[in-house]
Every structure is written in C-alpha cells, then in structure tokens.
**Student:** 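Take a look at the following structure, please.
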Amino acid sequence: MLERGAESAKRGAADLLLRGQRIERLLRHGKQLAIVGDGGGVLCVQLGMTGRVVVRSEAPRGEPHVHARWELLGPRGERKVMTFADPRRFGGLTALASSTVLSARWAELGPDAATVETAHLMQALKETRRAVKAALLDQNLVAGIGNIYADEALFRAGITPRVLAHRLRPRQVERLAAAVREVLAAAIASGGSSLRDYVDANGQQGGYQTLHLVYGREGEPCHTCGTRLRGTRLGGRQTVWCPCCQSARDT
DNA sequence: GGCAGCCTGGTT
DNA sequence: AACCAGGCTGCC
C-alpha cells in the first residue's frame with residue numbers, strides 16, 4: 001500500500017497518482033520498471049545510470065540525492081519507506097494513467113533482451129546499417145542492453161563491435177542472440193553489475209562486475225587468448241573488445 | 001545515422 | 001581544473 005507520497009515537486013505527480021493504492025504487481029520491460037496500483041495508476045521507473053529504488057523499514061537521515069520517497073504499508077501493517085535516489089539525474093519517474101498507457105509506451109520498445117528471439121534479432125539487424133553495437137544499444141530494436149552487456153555479449157559471440165549490423169551472417173546473429181540471453185541471465189543471477197551505484201531494491205550490490213570479460217578491461221589480456229584488449233569510442237560509448245577473438249567475418 | 005549535451009561524483 | 005562515465009533525447 002502506498003500511503004503517502006514524496007516531497008519532490010518536479011516528480012510530484014507520480015506519487016499522487018498512486019496514493020492510497022495497493023501495489024498490485026511489479027513489471028519490467030528492458031530497463032524500465034513499473035509499479036501497478038490496484039486503482040489503475042502506474043508508476044514507471046527508469047534508473048538511468050545511477051538511479052536506485054530501495055525499500056527499507058526506515059530511510060537513513062540525510063541520504064543524498066533522494067528525489068522521491070514513499071511510505072508503504074506491508075501486508076501485516078508494517079511501515080516501510082521506498083526511496084528513489086539518483087545522483088546523476090539520468091533516471092526518471094513517470095506517472096501513467098493506466099496499464100493500457102503503459103502497454104502503449106512499452107510497445108514502442110523492442111522485445112525484452114533477456115528472452116529475445118533469434119529471428120527477431122535477425123530481422124532487426126538486417127534492417128539497419130549501423131555498427132552492430134550501436135544497434136544493440138537501441139532500445140527500440142531490442143530493449144534492455146546497456147553498454148556493459150553490449151560489449152560482453154559481442155565478445156561471447158565473437159563479433160567485432162564495429163561490423164555493420166546488416167552484414168552479419170545468420171549464424172553470427174544466432175550466436176549473438178544466444179550471447180545476449182546468456183549474458184543477461186548470468187548477470188541477473190549475480191545480482192547485476194555494481195560498478196559504483198547500483199544496488200537492488202533491498203540495497204544489495206551485484207557481483208557480475210567481477211565476471212566481466214571485456215568491459216572496463218582495456219589494455220588487459222583477453223581471458224581466452226591473452227591478446228591485449230583494445231578500447232575505442234563507439235556511439236559515444238567506451239567500447240572494449242578482443243581483436244583476436246572478435247572478428248568481422250564469420251569463421 | 002552520428003553525436004552533443006544533459007548531470008554529478010570520482011579520478012587524473 | 002579538466003576529464004571521464006553513460007541512458008536517453010533531440011539536433012544536424
């Protein structure tokens with residue numbers, strides 16, 4: 001139950017919409033979360049880079065960068081506090097009037113990356129002339145891949161980040177789709193990648209950052225072949241790959 | 001299709 | 001003091 005809403009003037013609409021409603025369910029599509037109230041209201045959450053939503057019995061005093069706070073009542077009447085904190089302010093909260101509006105919003109995104117079908121990726125990549133990494137990062141093409149997991153998936157698929165998406169061979173796309181699903185499943189199983197800010201709703205850090213094979217490892221030896229990993233800038237993002245294990249051609 | 005710019009804390 | 005990180009929007 002969302003009992004009382006938060007202080008943020010800018011994002012005030014979000015809590016007003018859900019005030020007094022019982023949380024009916026939590027949804028996720030790609031990197032977006034949604035809290036659906038039983039009165040029809042929906043709060044859509046995007047964490048951006050540094051956003052975090054944490055539910056605790058008590059919020060620490062003076063916690064920095066808290067942009068919204070909600071008081072919750074648990075099933076046995078216990079009081080909880082949910083906070084949205086976001087130091088870099090790339091995240092956001094959006095109040096939606098109904099789950100129909102939410103569906104329309106999410107329909108503009110590509111299918112969820114964690115379960116993306118090979119056939120979808122095949123079709124989508126065929127239709128764009130961008131570098132494959134830029135395509136993977138496009139949420140309208142497939143939803144849920146950020147910079148870390150794009151690099152990690154491309155490494156596992158043995159595909160160089162700059163190869164043009166429409167030039168990929170079917171078996172490369174097949175490997176890529178499998179790699180995307182596997183990387184995300186592994187990362188989720190490890191609780192995500194906590195490089196600096198990320199914690200889950202219980203405040204727990206993830207452990208997948210220790211399992212990154214290429215991201216953040218420019219200049220270090222490839223775990224597979226020992227070659228120095230190379231770094232470049234692609235689509236405005238730091239990009240790391242192994243020049244030996246990742247090739248443009250299908251081999 | 002590419003990329004500047006938003007934003008702030010941490011690093012150089 | 002300058003630079004870097006990056007999800008996403010909007011401009012070229």
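Side chains included, hydrogens not; waters and symmetry mates left out as well; all remaining heavy atoms used. Order of the sequence lines sets the chain letters (A, B, ...), proteins ahead of strands, with each chain counted from 1.
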**Student:** Could you tell me whether the phosphate oxygens of B:dG1, OP1 or OP2, come under 4.0 Å of any side-chain nitrogen or oxygen in A:T128?
**Tutor:**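 So the side chain of A:T128 is within the cut-off, an N or O lying under 4.0 Å from OP1 or OP2 of B:dG1.
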
**Student:** May I ask you to check whether A:T232 and A:R162 show a side-chain donor-acceptor distance below 3.5 Å?
**Tutor:** yes

**Student:** Does C:dG6 have its OP1 or OP2 closer than 4.0 Å to a side-chain nitrogen or oxygen of A:Y198?
**Tutor:**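 For C:dG6, OP1/OP2 do not have a side-chain N/O of A:Y198 under 4.0 Å.
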
**Student:** Atom CZ of A:F90 and atom C1' of B:dC7: how far apart are they, to the nearest Å?
**Tutor:** 5 Å

**Student:** Hey, what's the ring geometry for A:Y149 with A:H212, parallel, tilted or perpendicular (30° and 60° as the breaks)?
**Tutor:** perpendicular

**Student:** Would you kindly give the CG-to-P distance between A:D138 and C:dC8, to the nearest whole Å?
**Tutor:** 10 Å

**Student:** Looking at A:R28 and A:D112, is there a salt bridge between them, counting it only when a charged N and a carboxylate O are closer than 4.0 Å?
**Tutor:**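 Looking at A:R28 together with A:D112, the answer is yes, because their closest N to O distance falls below 4.0 Å.
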
**Student:** Just how far, in rounded Å, is P of C:dG7 from CZ of A:R52?
**Tutor:** 17 Å

**Student:** May I have the distance from A:R130 (atom CZ) to B:dG2 (atom P), rounded to whole angstrom?
**Tutor:** 8 Å

**Student:** Is the phosphate of C:dC4, meaning OP1 or OP2, less than 4.0 Å from a side-chain N or O of A:Q238?
**Tutor:**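 No, because none of the side-chain N or O atoms of A:Q238 sits under 4.0 Å from OP1 or OP2 of C:dC4.
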
**Student:** Would A:Q139 and A:E108 count as having a side-chain donor-acceptor pair, cut-off 3.5 Å?
**Tutor:**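 The answer is no; no qualifying pair exists.
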
**Student:** Can you tell whether the side chains of A:E63 and A:R69 come within less than 4.0 Å, N to carboxylate O?
**Tutor:** no

**Student:** Counting only N and O atoms by type, is there a donor-acceptor contact under 3.5 Å from the side chain of A:T83 to the main-chain atoms of A:V66?
**Tutor:**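 No: the side chain of A:T83 does not pair with the backbone of A:V66.
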
**Student:** To the nearest Å, give me how far apart CD1 (A:I148) and C1' (C:dG6) are.
**Tutor:** 10 Å

**Student:** Taking A:D151 first and then A:R237, would you say they form a salt bridge - that is, a charged N and a carboxylate O separated by under 4.0 Å?
**Tutor:** no

**Student:** How long is the line joining CD of A:Q139 and C1' of C:dC8, in whole Å?
**Tutor:** 9 Å

**Student:** Please give, in whole Å, the distance from C:dG7 P to A:L136 CG?
**Tutor:** 13 Å

**Student:** Under 4.0 Å: is that the gap between some side-chain N or O of A:R233 and OP1 or OP2 of C:dA5?
**Tutor:** yes

**Student:** Between A:R237 and C:dG6, is there a side-chain N or O to OP1/OP2 distance below 4.0 Å?
**Tutor:**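 Checking A:R237 against C:dG6: no side-chain N or O falls below 4.0 Å of OP1 or OP2.
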
**Student:** Write down the protein N/O and nucleotide N/O pairs, taken from nucleotides 10-12 of chain C, whose separation is under 3.5 Å; answer none if there are no such pairs.
**Tutor:**
none

**Student:** Report, as yes or no, whether the 6.0 Å neighbourhood of atom CZ on A:R217 holds more than 12 heavy atoms from other residues, nucleotides or ligands.
**Tutor:**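 Yes.
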
**Student:** Any sub-3.5 Å donor-acceptor pair from A:D86's side-chain atoms to A:H67's backbone N or O?
**Tutor:** no

**Student:** Quick one: A:Q209 CD to C:dA5 P, roughly how many Å, whole number?
**Tutor:**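 Result: 18 Å.
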
**Student:** Are there any protein N/O atoms within less than 3.5 Å of an N/O atom in nucleotides 9-12 of chain B, and if so, which ones and at what distance?
**Tutor:**
residue : atom : partner : partner atom : Å
B:dG9   : OP1  : A:H65   : NE2          : 2.9

